[in-house]
Amino acid sequence: MTIERMENVEVFTSEGKGRGLKAAKEFWAADVIFAERAYSAVVFDSLVNFVCHTCFKRQEKLHRCGQCKFAHYCDRTCQKDAWLNHKNECSAIKRYGKVPNENIRLAARIMWRVEREGTGLTEGCLVSVDELQNHVEHFGEEEQKELRVDVDAFLQYWPPQSQQFSIQYISHIFGVINCNGFTLSDQRGLQAVGVGVFPNLGLVNHDCWPNCTVIFNNGKIELRALGKISEGEELTVSYIDFLNVSEERKRQLKRQYYFDCTCEHCQKGLKDDLFLGVKDDPKPSQDVVKELVQFSKDTLEKIDKARSEGLYHEVVKLCRECLQKQEPVFADTNLYMLRILSIVSEVLSYLQAFEEASYYARKMVDGYMKLYHPNNAQLGMAVMRAGLTNWHAGNIEVGHGMICKAYAILLVTHGPSHPITKDLEAMRVQTEMELRMFRQNEFMYHKMREAALNSQPMQVMAEPSNEPAPALFHKKQ
């Protein structure tokens, strides 16, 4: 069975947006509206040796396909489950003599499925791959050039004995991948590991302040309600991160998804004043603000360069200098300050300078809470990281409070069965126990904590990467 609970939704024509999905019944926060397995999906080129090609879990040891030496699997079960989709790919790779890029691999997998099942609706699908938007007519010159390169490479890879498709149809499939490709994350939801096409999800329209979120969990995506949704209400997700001024979000959506956002937040510029907020007392002059915005942008570029070279102490130095200038001028919700706070708290945690990291993490969370939807998945993940940082710094009360807050958000956005929610539940129980001990006897608590940290190495934060958190939809950069 590919799809679950499709009776919960109806396809309709959404004003100014084309097709959309609406709720066929009432939903409440944390309800799963529907779940869907990928029509086709592939692992990113850079991770083909580290991620299972069937379940997309990161594993230390993977079994390799003995024939093509390309596909990797957790075990025999995953290998057996993959054979229907891998069979054609396996012989095509051997014939071609090399492995094509992820885009071409995904297009080929889609077309082998079309060859097997036809172009009509597959079981549980509300829309066929043929009917999904491709936006090829909106491609700019650069995108047209990339499309021609992909089509040429595809034609060389595609076996002569397979069904032959027209150039127009092949271009359509690449267009569908370009604007409907959904990012698949690893089992803990922390790293983007692949891309897939989910036809039903492709019908869900964008809103910068949506009523649903999408999560990849245990081999399928789940569309989850963020709050109360009435029967007949349109279901929406956000294709991009909300943390930007409306003009910039609109530009990004137009560039990547070829539509003009008309959501309420964009039309009314809601929260733009907070994103660009400055201190009230004393209020800085426009020139001072303009100068500081430019300085912040320049610093962020320098930070990117230093991060990419692994110069983390240089990153911290740049962040401290920038924050020193920002703090007297910018409000705590200012975008530029929040970007710096996010970077510096993450890098200091990695360097195990938890005391300083925890101060910046708290400031960042204070700003985020005033900006994001209360049940936003990115907010939940940021609060979780800040809670961990504060726990590592020995701020047990603040750490526990943040972990509880993050757990409440992730119960809605990820659900109780998601591995990251389970991890968070274990942390919540542990910090609650520690907090009780701390309140009973603070001196003994610190003694025991010190002994515990000396006997077992402290959990080291993952190395900061230049990659942003997994975005909802996969865009070829």
Side-chain angles (χ1 to χ4, degrees), residues 190-191 241-245 248 274-279 284 288-289 291-372 376 378-396 398-399 401-403 405-406 458-471:
L190 298 176
Q191 187 189 10
D241 184 16
F242 176 66
L243 225 61
N244 227 326
V245 289
E248 192 43 53
L274 293 175
F275 285 135
L276 301 173
V278 294
K279 289 265 164 61
V288 166
V289 172
E291 208 175 295
L292 190 51
V293 165
Q294 193 51 54
F295 177 78
S296 302
K297 285 179 178 174
D298 295 344
T299 302
L300 284 162
E301 275 183 32
K302 288 179 193 168
I303 287 169
D304 273 353
K305 189 174 182 298
R307 276 175 94 170
S308 65
E309 293 167 11
L311 304 171
Y312 298 126
H313 289 282
E314 178 62 19
V315 170
V316 171
K317 186 167 152 286
L318 286 164
C319 288
R320 284 184 187 136
E321 284 169 8
C322 194
L323 286 166
Q324 213 174 344
K325 288 187 186 315
Q326 287 177 341
E327 282 177 332
V329 177
F330 287 162
D332 63 351
T333 56
N334 188 287
L335 263 184
Y336 296 103
M337 190 148 87
L338 288 172
R339 282 175 189 157
I340 300 286
L341 287 169
S342 171
I343 295 164
V344 75
S345 59
E346 185 191 1
V347 172
L348 284 167
S349 291
Y350 173 68
L351 297 173
Q352 302 209 4
F354 294 114
E355 194 55 58
E356 191 182 355
S358 67
Y359 165 73
Y360 293 131
R362 284 201 298 274
K363 286 194 69 159
M364 174 189 78
V365 164
D366 287 346
Y368 280 1
M369 299 286 258
K370 294 171 186 170
L371 296 168
Y372 274 120
N376 179 289
Q378 275 151 312
L379 172 65
M381 298 296 274
V383 177
M384 177 183 81
R385 281 193 294 271
L388 265 178
T389 301
N390 275 275
W391 176 81
H392 276 299
N395 305 329
I396 185 65
V398 175
M402 284 183 171
I403 285 165
K405 175 74 188 158
M458 188 177 276
Q459 179 206 335
V460 178
M461 297 288 184
E463 184 168 356
S465 83
N466 253 0
E467 294 296 306

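Each residue takes its place number in the sequence, starting with 1. Please read these numbers as outputs of a predicted model, since none were measured by experiment.
A donor-acceptor pair is defined here as one N or O able to donate and one able to accept, closer than 3.5 Å; such a pair exists between the side chain of Asn334 and the backbone of Gly277. Distance alone, capped at 3.5 Å, is enough to place a donor-acceptor pair between the Thr333 side chain and the Leu274 backbone. Put simply, the side chain of Ser342 never gets that close to the backbone of Arg339: no donor and acceptor are under 3.5 Å apart.
The side-chain contact (heavy atoms from CB on, under 4.5 Å) check on Lys297 picks up Val293, Gln294, Tyr336, with sequence neighbours excluded. Lys302 pairs by the salt bridge (Lys or Arg N to Asp or Glu O under 4.0 Å) definition with nothing, not counting sequence neighbours. Checked against salt bridge (Lys or Arg N to Asp or Glu O under 4.0 Å), Lys325 has no partners two or more places apart in sequence or in another chain. Scored by the side-chain hydrogen bond (donor to acceptor under 3.5 Å, both in side chains) test, Tyr368 finds no partners at all (sequence neighbours excluded). For Glu301, the side-chain hydrogen bond (donor to acceptor under 3.5 Å, both in side chains) test picks out no residue, with sequence neighbours left out. Residues passing the salt bridge (Lys or Arg N to Asp or Glu O under 4.0 Å) test with Glu321 are Lys317, sequence neighbours excluded. Residues forming a side-chain hydrogen bond (donor to acceptor under 3.5 Å, both in side chains) with Glu248 (at least two apart in sequence, or on another chain): Arg251. Under the side-chain hydrogen bond (donor to acceptor under 3.5 Å, both in side chains) criterion, Thr299 pairs with no residue at all, not counting sequence neighbours. Residues that satisfy the ring pair (Phe, Tyr, Trp, His ring centres under 6.0 Å) test with Phe275, not counting sequence neighbours, are Phe242. Residues passing the side-chain contact (heavy atoms from CB on, under 4.5 Å) test with Pro328: none are found, sequence neighbours excluded. Every residue two or more places apart in sequence or in another chain that forms a side-chain contact (heavy atoms from CB on, under 4.5 Å) with Ala393 is listed here: Phe354, Glu355, Ser358, Asn395.
Within the model, atoms CG of Leu300 and CZ of Phe295 stand 10.0 Å from one another, a figure rounded to the nearest 0.5 Å. Here the CD-CG distance, from Glu356 to Leu351, works out to 10.0 Å after rounding to the nearest 0.5 Å.
For the pair Tyr350/Glu346, no side-chain contact is recorded, criterion being any heavy-atom separation below 4.5 Å from C-beta on. For the pair Val289/Leu276, no side-chain contact is recorded, criterion being any heavy-atom separation below 4.5 Å from C-beta on. For the pair Ile343 and Leu318, the minimum side-chain heavy-atom distance is 4.5 Å or more. Taking 4.5 Å as the limit, every side-chain heavy atom of Cys319 sits out of range of all side-chain heavy atoms of Tyr360.
Smallest separation of non-hydrogen atoms from Arg320 and Leu348: NH2-CD2, 4.3 Å. Contact between Ser296 and Gln326 at its shortest, heavy atoms only, is OG-NE2, 3.0 Å. Nearest heavy-atom pair across Ser345 and Ala361 is CB-N, 3.8 Å. Across all their heavy atoms, Val278 and Pro284 have their closest contact at CB-CG, 4.0 Å. Taking each heavy atom of Gly380 and Ala406 in turn, the nearest pair found is O-CB, 3.5 Å. In this structure, Ala306 and Val315 approach most closely via the heavy-atom pair CB-CG2, 3.7 Å.
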- [ ] Assess whether side-chain contact (heavy atoms from CB on, under 4.5 Å) is satisfied between Glu309 and Glu314, documenting all intermediate values.
- [x] CA-CA 10 Å; Glu309 293 167 11; Glu314 178 62 19; over 6 Å; no
Residue pair Leu323, Phe330: steps toward the side-chain contact (heavy atoms from CB on, under 4.5 Å) verdict: CA-CA 10 Å; Leu323 286 166; Phe330 287 162; over 6 Å; no
Under the side-chain contact (heavy atoms from CB on, under 4.5 Å) criterion, do Lys405 and Val365 qualify, and how do the steps go? CA-CA 11 Å; Lys405 175 74 188 158; Val365 164; over 6 Å; no
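Within the structure, salt bridge (Lys or Arg N to Asp or Glu O under 4.0 Å) contacts touching residues 357-369 (residues at least two apart or in different chains) are Glu327-Lys363.
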